[in-house]
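Here is the structure we will look at.
Just so you know, ligand 1 is whichever comes first in the structure, and atom 1 is the first atom listed for that ligand. Because only heavy atoms are used, hydrogens play no part in the values below, and waters and symmetry mates are left out as well, while side chains stay in.
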Amino acid sequence: MTQHVKLARDRRRRKSRIKALIFFCAIVCIVAGGILSLKDTVEHKPEKMPEETVYQTLQNEPENNKDGETAAGKEDIDATSYDDELSDKDDEVDEIKINPNDFDLSEPLPAEAQSAIDGLLDAVDQAKRITDQFNHSVVRGDTLKDVLELSGLEDDTSKKLIASYPELKNLKPGQQLYWILDNENDLEYMNWLVSEKEERVYERKEDGKFVRQIIEKKSIWKKEVLRGSVSTSFRASLRSQGLDGRQINQLITALQWQFSMNKLKKGDDFAILISREYLENKLTGQGNVEAIHIKSQGKSYYAIQAENGRYYSRQGETLGKGFSRYPIQRQARVSSPFNPKRRHPVTKRIRPHKGVDFALPTGTPVIAPADAIVEKVAYQAGGAGRYIILRHGREYQTVYMHLSRPLVRAGQSVKRGERIALSGNTGISTGAHLHYEFHINGRPVNPLTVKLPGGNSGMQDSERRVFLARAKSVERQLKF
Ligand SMILES: [Zn+2]
């Protein structure tokens, strides 16, 4: 909105000669818009843009002008693209297939027929879960907005819920949330495991309002140690131990930064400390995973939950090294913000902007914001240009578009801070910029405001002492 205000003000200041030119261009734009809206694919011709958008000139260094890939970008249109929605068709592609839950940071193991079938079933199962069902173990500092954002929900949903049910402002570490989205990606149902004695369910009714149900639980909770060894896959082994999908995801999320599931070999041992709910002696499957110990090739790996809800190694080190906010080393101006309701300036159609654009001279190094595996390096001439997709553990992916040169190959592991590409102006773009997307569970969220994983995970001294004592006792319980 402020853009439009600014545009209007700037336009008034222009001289009549330019006004006449704008008028002429507006007609050109309307005619062009009419034609283009029939086609739906819009290519920006720089010569019709300067009057359409008037901003300060890009503060780009002269090397921007050396950019030979497209002539756009040196005019006073701000650097962005209205065509950076990835299409299914790549003009060039180098990619590896990663199963989000079994992602690996090394070469995949040779698969036997049985495990291939198992993996396939897992993939179907996971694809279904990832599209509509979500769960999260609350960690300190989490708000309802942070939690629901894990499924790509905007904060209006959490605001609406909290307005009706202010208790949702007080999430506590270790509590579990489970929620489902409908086909329109709106929240349909949310289950909040408040304590072992109480559960609250929020269900959306026809009129869009949420109704709450409080369930007092008469069940008995037991802390149990489950032991097993890896059979066909880690997931299958956990499932045969009676863990449900939610608990399996919780475990894999806890381990995602430390340990790669595919490194596990048949026969590797694991032990899990879990609280389980029994109702009239029947296992209901709910509960929190408190710790896991995996022994693989003579090495022990632990993930132990602290009071704050996060998982740490035995030494109290955080398992995630975390994310940096920006995938670049220097400050850069945002030339177009994240905006799911962005409109195309010519056609006025909604063209969601699923990422954030940084105005950067071509050739600026782009760095990995966290440890990752390169999932895809590809090229789409009609939109994203050269682009890269990185996967960070089970839940996170980042996407980089309009690059001039990738510096990595698909399948390669990269460390936080490592250069992955040089920024550019490829594909359809109005100027040199980096388009950066941040996805959680396959859904784009605002990279500049999303709660970054691994942030604020440090423990206070007193808290750390409690944790280390707890870790010792967990270690004893989970010994092989
Ligand atoms: Zn963009």
Side-chain angles (χ1 to χ4, degrees), residues 1-3 36 40-46 49 52-53 55-56 58-60 64 67 69-70 72-87 90 152 154 325-328 330-367 369 376-390 397-406 420-440 442-450:
M1 273 305 131
T2 51
Q3 289 185 4
L36 291 170
D40 199 47
T41 44
V42 183
E43 253 191 71
H44 296 288
K45 297 286 179 278
M49 297 311 289
E52 190 60 28
T53 318
Y55 281 91
Q56 71 272 44
L58 284 179
Q59 289 164 357
N60 287 346
N64 187 28
D67 180 17
E69 271 143 337
T70 133
K74 293 177 286 284
E75 323 296 330
D76 44 2
I77 170 80
D78 217 332
T80 190
S81 171
Y82 293 91
D83 298 271
D84 43 21
E85 181 115 15
L86 286 180
S87 82
D90 288 303
E154 300 286 305
R325 179 63 73 188
Y326 303 98
I328 38 181
R330 43 178 268 181
Q331 284 290 315
R333 191 172 56 82
V334 171
S335 53
S336 184
F338 176 83
N339 181 2
K341 299 188 178 83
R342 182 169 79 161
R343 281 184 191 277
H344 190 284
V346 177
T347 64
K348 305 293 179 206
R349 288 173 173 226
I350 289 195
R351 281 294 181 92
H353 193 224
K354 295 179 174 176
V356 60
D357 292 336
F358 298 108
L360 289 176
T362 292
T364 305
V366 178
I367 58 167
K376 196 171 186 183
V377 180
Y379 179 62
Q380 290 187 2
R386 297 215 175 273
Y387 72 96
I388 290 178
I389 301 178
L390 298 186
Q397 283 165 300
T398 50
V399 186
Y400 310 80
M401 296 182 188
H402 311 298
L403 305 168
S404 61
R405 188 149 68 91
I420 56 162
L422 300 179
S423 73
N425 196 15
T426 55
I428 295 181
S429 166
T430 61
H433 75 284
L434 171 69
H435 172 96
Y436 176 50
E437 290 182 14
F438 194 105
H439 294 197
I440 310 182
R443 286 151 204 266
V445 296
N446 187 344
L448 298 186
T449 57
V450 64

Ring pair (Phe, Tyr, Trp, His ring centres under 6.0 Å) partners for Tyr400, two or more places apart: Tyr436
Shortest-distance N/O/S atom, Asp357 versus the Zn ion (ligand 1): OD1
The Zn ion (ligand 1) contact by His433, N, O or S atom under 2.8 Å: no
Asp83 and Arg351 ion-paired at < 4.0 Å: yes
The Zn ion (ligand 1) contact by His435, N, O or S atom under 2.8 Å: yes
Identity of the N, O or S atom of Asp84 lying closest to the Zn ion (ligand 1): OD2
Side-chain H-bond candidate by donor/acceptor type, Arg342 with Thr80, under 3.5 Å: yes
Electrostatic pair Lys354:Asp84 at N-O distance under 4.0 angstrom: no
